[in-house]
Amino acid sequence: MNSKIIYLKKLELYKELDNYKDGQFFAIADQKIKNHLPQWIQFSPHVFWLKSPEDEKNLSSYGQAVEFLLKGGIQRSSKLYAFGGGATTDLAGFVASTILRGIKWSAVPTTLLAMIDGSIGGKVGINMPQGKNQIGAFHAPDEIYICGDFLTTLSDKEWTSGKGEILKYGFLSNEIHELILKKAAIEVIAHACAVYKTKVVESDFKEEGDRILLNLGHTFGHAFESHLKLSHGQSVAMGLRYLFKVLKQHEQLAQWDKMAKALSLPVEKYNIDHFPLFDINAFISYVEHDKKKIDSHLRLVLVKAIGSCYVEEILMKDFKKKIQTYEEFKI
Ligand SMILES: NC(=O)c1ccc[n+]([C@@H]2O[C@H](COP(=O)([O-])OP(=O)(O)OC[C@H]3O[C@@H](n4cnc5c(N)ncnc54)[C@H](O)[C@@H]3O)[C@@H](O)[C@H]2O)c1
């Protein structure tokens with residue numbers, strides 16, 4: 001991966017974008033952050049706006065976006081900009097990876113989650129009814145512009161989502177674990193997460209080695225996200241919690257609690273009994289569609305100790321039994 005991560009203030013970002021004002025400019029952007037953008041982008045005819053990015057991260061919107069951009073005259077030499085959270089950068093990056101056999105793109109993440117994870121690493125894709133990110137590609141943006149000024153309008157729910165993903169990093173890295181427990185400023189922790197992910201991805205862009213560890217919490221996380229329509233970060237944190245519970249890893253569960261408290265996460269919202277619509281069969285069917293499944297085996301990321309995670313292949317049918325017999329999941 002060769003993305004350049006650039007930290008900047010909003011006015012500096014405007015100045016950078018102004019370089020493209022009189023030329024051809026194409027973007028896919030989240031409608032919710034429209035007011036954060038310079039006026040000329042707000043009125044540009046070449047911006048494909050998303051009203052509800054996660055709901056539009058699908059084949060149908062992908063097709064509409066490609067058609068819109070082609071009609072607008074996008075060329076192989078054009079660059080596509082993505083302004084929004086992780087759902088927008090995933091969809092825009094996927095469009096960039098495929099339109100005209102692939103063009104360059106730049107990401108401007110606007111949520112905490114996208115600034116620490118979603119926009120970094122070049123994994124792009126869209127959802128299918130069978131599950132999250134079932135179609136995708138590896139296509140890194142040339143630049144990732146990180147501008148904390150976008151976060152002023154973020155809702156509590158989205159702050160919580162970003163912090164959920166931070167909690168995952170707290171198991172992967174000793175340094176981030178310490179920062180969380182000593183309640184360092186969120187921008188300091190966020191920067192450490194972005195640096196951590198960049199390093200991992202630079203050494204294993206195509207997920208043939210250690211990059212898979214970044215999927216910690218995602219097997220259950222994606223299942224919670226698809227089934228209960230929770231935010232991505234809350235799903236990952238909850239996925240991690242229930243992984244420890246199902247596997248009876250009490251020490252890791254205690255670490256989860258400590259970090260959740262330090263990050264001021266609303267812990268009661270990470271309990272299954274908080275979701276009356278939870279259906280164990282639907283949940284299991286999403287787990288069975290996990291992309292880390294090879295034949296009858298699931299590649300599960302597990303925690304040995306803080307800063308020491310590993311992959312274990314487990315028979316899907318054995319894992320399914322553990323889930324079905326876990327007391328909180330029993331109907
Ligand atoms: N490609 C990857 O490596 C990777 C990694 C992690 C997550 N993801 C994907 O990212 C998505 C989750 O990311 P997300 O949480 O950013 O989702 P998102 O893009 O859906 O944004 C969450 C919500 O915040 C709103 N929003 C965005 N910026 C805002 C701002 N500045 N102020 C106010 N509201 C704003 C959006 O409209 C949306 O309602 C999922 O689709 C997940 O699969 C991808």
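Counting starts at 1 for both ligands and their atoms, in listed order. All figures in this text were calculated on a predicted structure; none of them were measured in a lab.
Annotation: atom 2 (C) of ligand 1 to nearest protein heavy atom, Gly118 O, 3.4 Å. The closest protein non-hydrogen atom to atom 37 (O) of ligand 1 is Asp30 OD2, 2.6 Å. For atom 20 (O) of ligand 1, the nearest protein heavy atom (residue, atom name, distance) is Ala87 CB, 3.6 Å. Among protein heavy atoms, atom 14 (P) of ligand 1 sits closest to Gly86 N, 3.5 Å.
Close approach of ligand 1 to Glu54 (heavy-atom distance below 4.0 Å) involves ligand atoms 11 (C), 40 (C), 41 (O). The atoms of ligand 1 that sit less than 4.0 Å from any heavy atom of Thr153 are 30 (C), 31 (N), 32 (N), 33 (C). Here is the list of ligand 1 atoms found below 4.0 Å of a heavy atom in Lys57: 40 (C), 41 (O), 42 (C), 43 (O). Residue Asp90 has at least one heavy-atom neighbour below 4.0 Å for each of these atoms of ligand 1: 1 (N), 2 (C), 8 (N), 9 (C), 43 (O), 44 (C). Near Gly85, meaning under 4.0 Å from any of its heavy atoms, are these atoms of ligand 1: 16 (O), 19 (O). Per-residue contacts place Lys132 under 4.0 angstrom from the following atoms of ligand 1 (heavy atoms of the residue considered): 40 (C), 41 (O), 42 (C), 43 (O).
With salt bridges taken as basic N to acidic carboxylate O contacts below 4.0 Å, none links Glu178 and Lys182. A salt bridge links Glu143 to Lys79: one of the charged nitrogens lies within less than 4.0 Å of a carboxylate oxygen. Between Lys132 and Glu54 there is a salt bridge, with a side-chain nitrogen of the basic residue lying less than 4.0 Å from a carboxylate oxygen of the acidic one. A salt bridge is absent between Lys199 and Glu202: the closest approach of a Lys/Arg side-chain nitrogen to an acidic carboxylate oxygen does not fall below 4.0 angstrom.
A donor and an acceptor atom, one from each side chain of Tyr326 and Glu328, are located under 3.5 Å apart.
Proximity of Lys197 to ligand 1, defined as any heavy-atom pair under 4.0 Å, is confined to the side chain (atoms from C-beta onward). Contact annotation for Gln31 and ligand 1: no heavy atom of the residue comes within less than 4.0 Å of the ligand. With a 4.0 Å cut-off on non-hydrogen atoms, Thr110 touches ligand 1 through its backbone as well as its side chain. Contact annotation: for Leu151 versus ligand 1, there are no heavy atoms closer than 4.0 Å.
Just one residue in the list Phe275, Tyr242, Phe278 forms a ring pair (Phe, Tyr, Trp, His ring centres under 6.0 Å) with Phe283, and that residue is Phe278. Under the side-chain contact (heavy atoms from CB on, under 4.5 Å) rule, Leu302 has a single partner from Ile314, Leu247, Val311, which is Leu247.
The aromatic rings of Trp256 and Tyr270 stand perpendicular to each other, their planes meeting at an angle above 60°, with 30° marking the opposite boundary. Between Phe25 and Trp40, the ring planes are perpendicular. Angles over 60° get that label, and only those under 30° would be called parallel.
Distances between N or O atoms of Lys32 and those of ligand 1 include at least one value under 3.5 Å. Taking distance alone, with nitrogen or oxygen atoms compared against 3.5 Å, Gly84 stays at or beyond that limit from ligand 1. For ligand 1, the polar-atom distance check finds an N/O of Phe150 within less than 3.5 Å of one of the ligand's N/O atoms.
Stacking of Lys34 on the aromatic ring of Trp49 is recorded, both the 6.0 Å distance cut-off and the 45° axial limit being met.
Considering Glu56, Met115, Glu158, His36 only, the shortest heavy-atom separation from atom 24 (O) of ligand 1 involves Glu158. Around atom 35 (C) of ligand 1, the closest heavy atom drawn from Asp149, Ile116, Leu154, Val236 belongs to Leu154. With Ile33, Leu112, Thr152 as candidates, the residue nearest to atom 29 (C) of ligand 1 on a non-hydrogen basis is Ile33. In this comparison of Thr111, Leu50, Ile126, the heavy atom closest to atom 16 (O) of ligand 1 sits on Thr111.
Closest approach of Glu225 and Leu230 over heavy atoms only: CG-O, 3.5 Å.
If you look at His232 and His218, their ring centroids are closer than 6.0 Å.
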* Asked: ring pair (Phe, Tyr, Trp, His ring centres under 6.0 Å) between Tyr81 and Phe26: does it pass, once the steps are laid out?
  -> CA-CA 6 Å; Tyr81 279 79; Phe26 295 92; over 10 Å; no
